[in-house]
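Read the numbers this way: they start at 1 and go in the same order the structure lists the ligands and their atoms. What you are looking at is a predicted structure, and each value in this text was computed from that prediction instead of being measured.
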Amino acid sequence: MKILVINCGSSSIKYKLYEMDTHAVLAAGGIERVGQEGAFLKTTDHNGEKLQLNFDCPTHTEGIKMMFDTLTHPQHGAIKSIDEIAAAGHRIVAGGRFAESRLVTPDMLEEWKTFMDLAPLHNPPALKGYNAVKAVVENMPNVFVFDTSFHQTMPEHAYKYAVPHELYEKYGLRRYGAHGTSYRFVSDETARFLGKDKKDLRMVIAHLGNGASIAAVANGECKDTSMGLTPLEGLVMGTRSGDIDPSVFSFLAENANMTISQITEMLNKKSGLLGISGLSNDCRTIEEEAANGHAGAKLALEIFIYRLAKYIGSMTVAAGGLDALVFTGGIGENSDIIRERVLGYLGFFGLQIDQEANLKARFGNAGVITTADSKAVAVVIPTNEELMI
Ligand code: AMP
């Protein structure tokens, strides 16, 4: 059975076509600059030939059409006909109260649209992507896979904010979390890798990418996570501030004459590693420049690491203890520097780094990175959200 996985951003479309019997990736590509000048699709065909196709892509519909044309191209395509695709799975950041993935139906779609504001940067482009697939191939079943649904097992004391209760009743104001598809994959994979039943593992999983979050998973279920109503709460990220005193809004409105939307944009797009360093949101650049002595990059790294270590402590409380600390995501899977420095804060948990193992667990390699006599393990597990979808 062939399944197409689609991840739409505001100006991008990423896709992967899987043969589910073997988990083989039959085709993968990405379209950039949707709605802008100079749009293109990049892919590598089944002969290993790299392709870049430039085309006019004013909306997601043209992009999705180009994706299907490329998938079925007589020379470069992975399949002969769109009919070979059994279904499309869409990555959806915010799913509100949906606790499971859903086959898209008109009723389901109307209910989901009421959660649009929970991910204002991510949900609207996902809807555009779905509409575009529907416009090109009307009969293909579409499934929405929500980044929030894994977190629906959080207990009430973890997901409620300490604000008047009617705000939850009226507006659904609560913590929803994100990166749930990654956590679902990584928690299963960690148990498999360690040869344990996930029911017997208390895990703290740090998904560290350009967006970063952390979750406590025990008995195979999410107990708490760092992202909240939106993916802004929690850890320091590439461009997002993570936790901040909410009074920042009134303070900046009064002192800097900023509007709510300007402050929201600043916290989402101009903060985090980028804001602190004044250089970049890219962790590799930050690490390189910190090594060259750039003061902003050094501080950005230190705040990122310190906040992460603090959160590992609090998530250990939520998990009821710690058997496995798991690193995943672009930074978690590759940055031996960040992992080493975070573990440097956690010696009192009985975690001791194995330097050699830490250097080896990079670039897609899983591995335990703590010494054999550590009281718990720290482990690197590459995530695979598309396969999970
Ligand atoms: P993601 O959003 O999961 O794709 O992760 C992107 C982040 O991973 C970016 O900040 C990258 O700089 C970071 N990253 C990727 N490779 C490395 C590496 N070798 N060392 C440090 N950070 C890395």
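Every atom of ligand 1 is numbered from 1 in the order shown, and the set under 4.0 Å from a heavy atom of Ser335 is 21 (C). The ligand atoms of ligand 1 that sit less than 4.0 angstrom from a heavy atom of Gly209 are 1 (P), 2 (O), 3 (O), 5 (O).
A ring-centre distance under 6.0 Å is not found for Tyr168 and Tyr161. Checked against a 6.0 Å centroid threshold, the rings of Phe144 and Tyr130 count as neighbours. Aromatic pair His151/Tyr183: centroids less than 6.0 angstrom apart.
Annotation: Gly329 places no N or O atom under 3.5 Å from an N or O atom of ligand 1; distance criterion only. For a threshold of 3.5 Å applied to N or O pairs, the pair formed by His207 and ligand 1 contains no separation below that value. An N or O contact shorter than 3.5 Å is missing between Gly211 and ligand 1 by distance. Considering backbone and side-chain atoms alike, Asn210 places an N or O below 3.5 Å from some N or O of ligand 1.
Looking only at heavy atoms of the protein, atom 10 (O) of ligand 1 is closest to Cys283 N, 3.0 Å. The protein non-hydrogen atom at the shortest distance from atom 14 (N) of ligand 1 is Gly330 O, 3.6 Å. Shortest contact from atom 20 (N) of ligand 1 to any protein heavy atom: Arg284 CG, 3.6 Å.
For the residue pair Ala86 and Pro141, the shortest heavy atom distance occurs at O-CD, 3.3 Å. Among all heavy-atom pairs drawn from Glu233 and Asp243, the shortest one is CG-OD1, 3.3 Å.
If you check each of Asn334, Thr328, Asp336, Asp282 against atom 12 (O) of ligand 1, the one with the closest non-hydrogen atom is Asp282. The closest non-hydrogen atom to atom 13 (C) of ligand 1, taken over Thr383, Ile337, Ile331, comes from Ile331.
The pair Asp188-Arg192 does not meet the salt-bridge criterion, since no charged nitrogen lies less than 4.0 angstrom from a carboxylate oxygen. Salt bridge annotation for Glu302-Arg341: present, with a cationic side-chain nitrogen under 4.0 angstrom from a carboxylate oxygen. Lys223 and Glu221 are joined by a salt bridge, as a carboxylate oxygen and a charged side-chain nitrogen come within less than 4.0 angstrom of each other.
There is no protein heavy atom closer than 4.0 angstrom to atom 4 (O) of ligand 1.
With a 4.0 Å heavy-atom cut-off, ligand 1 is reached by the side chain of Glu287 but not by its N, CA, C or O.
Between the side chain of Arg202 and the main chain of Ala324, no donor-acceptor pair closer than 3.5 Å is present.
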